S.K.: 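One structure follows; several queries about it will come next.
The analysis underlying the following values was restricted to heavy atoms, covering all of them including side chains, and did not include hydrogens, waters or symmetry mates. Keep in mind that what you see is a predicted model, and the values were worked out from it rather than measured.
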Amino acid sequence: MRLDRFDLNLLVAFHALMEARSVTRAAERLHLTQPAMSAALRRLRESFNDPLLVATGKQMIPTPHALELAPRVAEIVATTQALMAGSTLFDPETSRRSFRIAASDYVTSIAVQPLLTEMATRSPGIRCSVIAPHAGVTGEMERGDLDCIISPEQFQAQGHPAELLFEEDHVLLGWSENPLFARPITEADYQMAGHVVVELSNQPAFVEQHVRARGYTRRIEVTVTSFTLVPWLLPGTQRIALVHARLARLFMDKLPLAMAPPPFPLPKMREMIQFNRTRALDAGLIWFRDGLRRHAEN
C-alpha cells in the first residue's frame, strides 16, 4: 500500500470505529452520515486486507489485526491533533480554544478556579471542561481526548511527561469548639475521635493510603466522595478530618473551624500535571499549565 494513495482521514475513521465499536456511533462522533462511515470502513478493509471489525449480533468485534493497529493509530491521531493545535501562534486574548482536563474538586478549588476567573476577563474566548479523575482517565489522555490530568505523583501513568504543580501538607481540621483543638492532639486522641473520610471510586486518596499503612483503628462516622464537602460536615460535631492544608485555609474564613498538625508524620503530597507526550510543544497547553502553577503558588 503506497502512502500517496491512502486517505489519511481513514485513520481518524478507524480510531473512531475502534472506540465506538459501532458504525452509527462512530459516524455521530465524527459528524458523518452512517453511509459515509460504512464506506470508510469498507475502504479500510480493502487497504489493510482485513475485516477489522466483524458484526456479531448488535456488536462489532475487532479482529486481532485491528487490535494490533489500534494503539499505533491512536498515537498517530493524537500526534496529528497536537501538530494542528500547535501549528499557529497561541494568543490567549483572542484564542477560542477549549481545554479539557481531569482534576479533583480540591485541585479545582485551589488552582483551576482562580485561573478560570482570570480567563473570564483576559481570555474570554477560551473554554474549559473539568472532569473528575476516574479509572479510564489515562486512556482518554493517551487518545488525545484530555489535555492534562492533575493528580498526586504516585497516581501518574508511565510513558508520558509530568510536571510538579505544587507540594501540599495535610492538617487536622475540626469544629472551632471541639475541645480536642484546645491542646496538642495525640495519636490516641486521633484514633478515639470520630472521622470524616474521603473515599474515591477508583482508589484511596493520598492521605488515606498513608493512614491505612500505619494500621490505625479509627471510628469513621462519615464518608464522602468530595474533598470540598469535608469542611462543611465538621462544625457542630466532635468529628475531625485530615485535609489538604490549602483547602483548610480556604475554608477557615468561611466556617467556624480549627486547624492543627497531625500527631504523626505525613509526607508532602506532590500534585502533578501530566499530559500526552505528543503535546509537549503545544503552546496553548504550555500557557494553561503555566497559569495553573502561578495560581497554585499563591
Side-chain angles (χ1 to χ4, degrees), residues 103-118 130 132-133 150-155 165-272 292-298:
S104 69
D105 58 330
Y106 147 67
V107 171
T108 300
S109 299
I110 298 304
V112 181
Q113 187 275 330
L115 178 57
L116 297 182
T117 301
E118 175 187 304
V130 184
I150 305 175
S151 66
E153 188 171 37
Q154 70 268 37
F155 300 149
L165 178 59
F166 59 84
E167 290 187 327
E168 180 70 289
D169 291 311
H170 282 78
V171 298
L172 280 176
L173 196 66
W175 184 31
S176 58
E177 296 186 35
N178 185 334
L180 272 183
F181 289 86
R183 54 183 171 78
I185 298 175
T186 66
E187 289 191 65
D189 293 332
Y190 177 81
Q191 294 188 70
M192 289 295 293
H195 290 256
V196 179
V197 170
V198 175
E199 289 190 357
L200 304 178
S201 59
N202 55 338
Q203 57 201 345
F206 172 90
V207 74
E208 271 302 293
Q209 289 188 350
H210 289 280
V211 171
R212 292 179 189 181
R214 298 185 73 88
Y216 286 140
T217 301
R218 295 168 294 163
R219 191 171 74 253
I220 298 175
E221 296 183 349
V222 182
T223 60
V224 292
T225 58
S226 164
F227 294 105
T228 53
L229 272 180
V230 173
W232 296 97
L233 303 175
L234 300 172
T237 78
Q238 303 303 305
R239 300 181 185 116
I240 61 174
L242 270 174
V243 303
H244 310 93
R246 282 175 172 80
L247 190 66
R249 291 194 294 269
L250 183 66
F251 278 89
M252 290 293 287
D253 294 334
K254 306 179 190 302
L255 296 168
L257 296 168
M259 184 169 58
F264 47 84
L266 283 170
K268 286 183 179 292
M269 184 182 71
R270 289 169 54 84
E271 199 76 34
M272 310 294 289
L292 289 173
R293 272 193 298 272
R294 186 174 68 255
H295 287 287
E297 291 169 355
N298 293 337

S.K.: Report yes if some heavy atom in the side chain of Val171 is under 4.5 Å from a heavy atom in the side chain of Pro261; otherwise report no.
M.R.: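 Not touching, per the 4.5 Å side-chain cut-off.
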S.K.: Main chain of Tyr190, side chain of Arg218: is a donor-acceptor contact present, judged purely on distance under 3.5 Å?
M.R.: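 A pair under 3.5 Å: no.
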S.K.: So Phe166 and Tyr106, would you call those rings parallel, tilted or perpendicular, with 30° and 60° as cut-offs?
M.R.: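 Perpendicular: the ring planes of Phe166 and Tyr106 meet at over 60°.
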S.K.: Going by atom types alone, do Arg214 and Tyr216 pair a side-chain donor with an acceptor below 3.5 Å?
M.R.: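 Yes - a donor-acceptor pair under 3.5 Å links their side chains.
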S.K.: Do Phe206 and His244 have ring centres separated by under 6.0 Å?
M.R.: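 Phe206 vs His244: aromatic centres not under 6.0 Å.
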S.K.: Please determine whether salt bridge (charged side-chain N to carboxylate O under 4.0 Å, His left out) holds for the pair Glu221 and Arg239, giving the CA-CA distance in whole Å, both sets of side-chain angles, and the decisive distance to 0.1 Å.
M.R.: CA-CA 8 Å; Glu221 296 183 349; Arg239 300 181 185 116; 2.7 Å; yes
S.K.: To the nearest 0.5 Å, what is the distance between CG on Leu292 and CD1 on Ile150?
M.R.: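 It is 5.0 Å, given to the nearest 0.5 Å.
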S.K.: Side-chain contact, heavy-atom cut-off 4.5 Å: Leu200 with Thr225?
M.R.: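 Contact flag for Leu200/Thr225 side chains = no.
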S.K.: Determine, for Arg294 against Glu118, whether the closest basic-nitrogen to carboxylate-oxygen distance falls under 4.0 angstrom.
M.R.: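 Yes, this pair counts.
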S.K.: State, yes or no, whether a side-chain contact exists between Asp169 and Lys268 at a heavy-atom distance under 4.5 Å.
M.R.: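 With C-beta onward as the side chain, the pair touches.
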S.K.: Identify whether the distance between the nearest side-chain nitrogen and carboxylate oxygen of Glu168 and Arg246 falls below 4.0 Å.
M.R.: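 Looking at Arg246 together with Glu168, the answer is yes, because their closest N to O distance falls below 4.0 Å.
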S.K.: Are Glu208 and Arg212 close enough for a salt bridge, meaning some N to O gap below 4.0 Å?
M.R.: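 The answer is yes: the pair qualifies as a salt bridge.
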S.K.: Grab the two heavy atoms, one from Phe227 and one from Asp105, that are nearest each other, plus how far apart they are.
M.R.: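 Looking at all heavy atoms of both residues, the shortest contact is N-OD2, 3.0 Å.
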